[in-house]
Participant: 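Below is one structure. I have some questions about it.
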Amino acid sequence: MPRVGVGVLVLRDGLLLLGQRRGAHGQGTWAPPGGHLEFGESVEACAAREVREETGLELTRTAPGPCINTIFRAEQQHYLTVFIVATCAPGMPQRCEPEKCDGWHWFAWDALPHPLFAPLEQLGASGFVPVAPAVATPSP
């Protein structure tokens with residue numbers, strides 16, 4: 001059965017926050033913060049929770065992004081990833097879940113590291129370019 005994931009494209013000064021995945025499908029690939037949408041949770045609330053849990057950062061602005069359909073054949077998993085484009089409060093991202101991520105780094109969209117996590121790779125191949133949202137996000 002397909003699952004819903006939320007990927008958060010956190011932008012700061014034109015750079016995108018990515019971490020190298022550990023201990024899950026896509027191990028060794030670069031991905032934005034994100035995770036599973038929980039029962040009854042809004043996509044925006046999921047984005048804020050996942051970024052806080054994984055990086056310690058608080059989101060300040062969000063905007064909906066595209067959805068990507070990914071089938072991980074080797075793992076027999078199917079995900080619909082809903083992307084959120086966001087900005088965050090000042091501060092350095094922390095490695096809050098060392099079992100899941102090797103650390104956080106900022107990258108230019110046109111100079112992303114490789115290999116990319118499949119949904120992010122598909123997003124880039126689609127021609128989408130994230131732009132920081134201009135309006136403050138209301139509290140979830």
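In this chain, residues are counted from 1 in sequence order. Computed from a prediction, not measured in an experiment: that's the story for all the values here.
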Participant: For Cys46 and Leu37, which heavy atoms make the closest approach, and how far apart are they?
Facilitator: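 The answer is CB-CD1, 3.7 Å.
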Participant: In Å and rounded to the nearest 0.5 Å, what is the CD to CH2 distance from Glu54 to Trp104?
Facilitator: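 With rounding to 0.5 Å, CD (Glu54) is 5.0 Å from CH2 (Trp104).
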Participant: Run the side-chain contact (heavy atoms from CB on, under 4.5 Å) test on Glu97 and Glu99 for me, step by step, so that the C-alpha distance in whole Å, both residues' side-chain angles and the decisive distance to 0.1 Å come before the verdict.
Facilitator: CA-CA 5 Å; Glu97 297 178 329; Glu99 71 284 0; 3.8 Å; yes
Participant: Return the CD to CD1 distance between Gln76 and Ile71, rounded to the nearest 0.5 Å.
Facilitator: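 Between Gln76 CD and Ile71 CD1, I get 9.5 Å after rounding to 0.5 Å.
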Participant: Please find the pair of heavy atoms, one from Cys96 and one from Thr55, that lie closest to each other, and give the distance.
Facilitator: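 Residues Cys96 and Thr55, closest heavy atoms: SG-C, 3.7 Å.
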Participant: Output every pair passing side chain to side chain donor-acceptor pair (under 3.5 Å) with a member in residues 81-94, not counting sequence neighbours, ordered by first then second residue.
Facilitator: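 Qualifying pairs: Thr60-Thr87, Arg61-Thr87.
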Participant: For the residue pair Val8 and Pro32, what are the closest heavy atoms and their distance?
Facilitator: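 For Val8 and Pro32, the tightest heavy-atom pair comes out as O-CB, 3.1 Å.
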Participant: Which is it for Thr29 and Gln20 under the side-chain hydrogen bond (donor to acceptor under 3.5 Å, both in side chains) test, yes or no, and what are the steps along the way?
Facilitator: CA-CA 5 Å; Thr29 62; Gln20 199 163 25; over 6 Å; no
Participant: Hydrophobic cluster membership, with links at side-chain heavy-atom distances under 4.5 Å among I/L/V/M/F/W/Y: are Leu59 and Trp106 in one?
Facilitator: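 Yes; Trp106 is reachable from Leu59 via cluster members.
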Participant: Which pairs count as ring pair (Phe, Tyr, Trp, His ring centres under 6.0 Å) when at least one residue sits in residues 2-30, sequence neighbours excluded?
Facilitator: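 Pairs touching residues 2-30 that pass the test: His25-Phe72, His25-Tyr79, His25-Phe117, Trp30-His105, Trp30-Phe107.
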Participant: With side chains defined as the heavy atoms from C-beta onward, is the minimum distance between Pro119 and Phe83 less than 4.5 Å?
Facilitator: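 Counting from C-beta outward, Pro119 and Phe83 do come under 4.5 Å.
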Participant: Quick one: closest heavy-atom pair of Val82 and Cys67, and the distance?
Facilitator: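 Looking at all heavy atoms of both residues, the closest pair is CG2-SG, 3.9 Å.
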Participant: In Å, rounded to the nearest 0.5 Å, how long is the span from CD of Glu58 to CZ of Arg52?
Facilitator: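 Rounded to the nearest 0.5 Å, the CD-CZ separation comes out at 4.5 Å.
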Participant: Taking the side chain from Arg12 and the backbone from Ala89, do they hold a donor-acceptor pair closer than 3.5 Å?
Facilitator: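 Here the side-chain-to-backbone pair exists.
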Participant: Looking at side-chain heavy atoms only, is the closest gap between Val131 and Leu11 below 4.5 Å?
Facilitator: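 When only atoms from C-beta onward are counted, Leu11 and Val131 do not touch, as no gap falls below 4.5 Å.
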Participant: Would you kindly confirm whether Met92 and Val10 end up in one hydrophobic cluster when ILVMFWY residues are joined by side chain heavy atoms under 4.5 Å apart?
Facilitator: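 No: no chain of side-chain contacts under 4.5 Å links Met92 to Val10.
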Participant: Using the side-chain contact (heavy atoms from CB on, under 4.5 Å) rule, take Leu18 and Leu112 through it: C-alpha gap first, then chi angles, then the decisive distance, then the call.
Facilitator: CA-CA 9 Å; Leu18 297 178; Leu112 297 179; 3.9 Å; yes
Participant: Evaluate the side-chain proximity of Asn69 to His78: yes if any heavy-atom separation is below 4.5 Å, no if none is.
Facilitator: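 Of all side-chain heavy-atom pairs linking Asn69 with His78, at least one is under 4.5 Å.
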Participant: With rounding to the nearest 0.5 Å, note down the distance linking CD in Glu50 to CD in Glu38.
Facilitator: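 Answer for the CD-CD pair, Glu50 versus Glu38, is 7.5 Å.
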Participant: Do the side chains of Val4 and Ile68 join up, straight or via other hydrophobic residues, at under 4.5 Å, putting them in one cluster?
Facilitator: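 Shared cluster, no.
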Participant: If you take all heavy atoms of Thr62 and Ile84, which pair is closest and at what distance?
Facilitator: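 The answer is CB-CG2, 3.8 Å.
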Participant: Over all heavy atoms of both residues, which pair between Pro33 and Leu17 is shortest? Give the atoms and the distance, please.
Facilitator: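 The pair with the smallest heavy-atom distance is CD-O, 3.8 Å.
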Participant: Would you mind listing every salt bridge (Lys or Arg N to Asp or Glu O under 4.0 Å) that reaches into residues 16-30, with sequence neighbours excluded?
Facilitator: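 Sorted result for residues 16-30: Arg22-Asp102.
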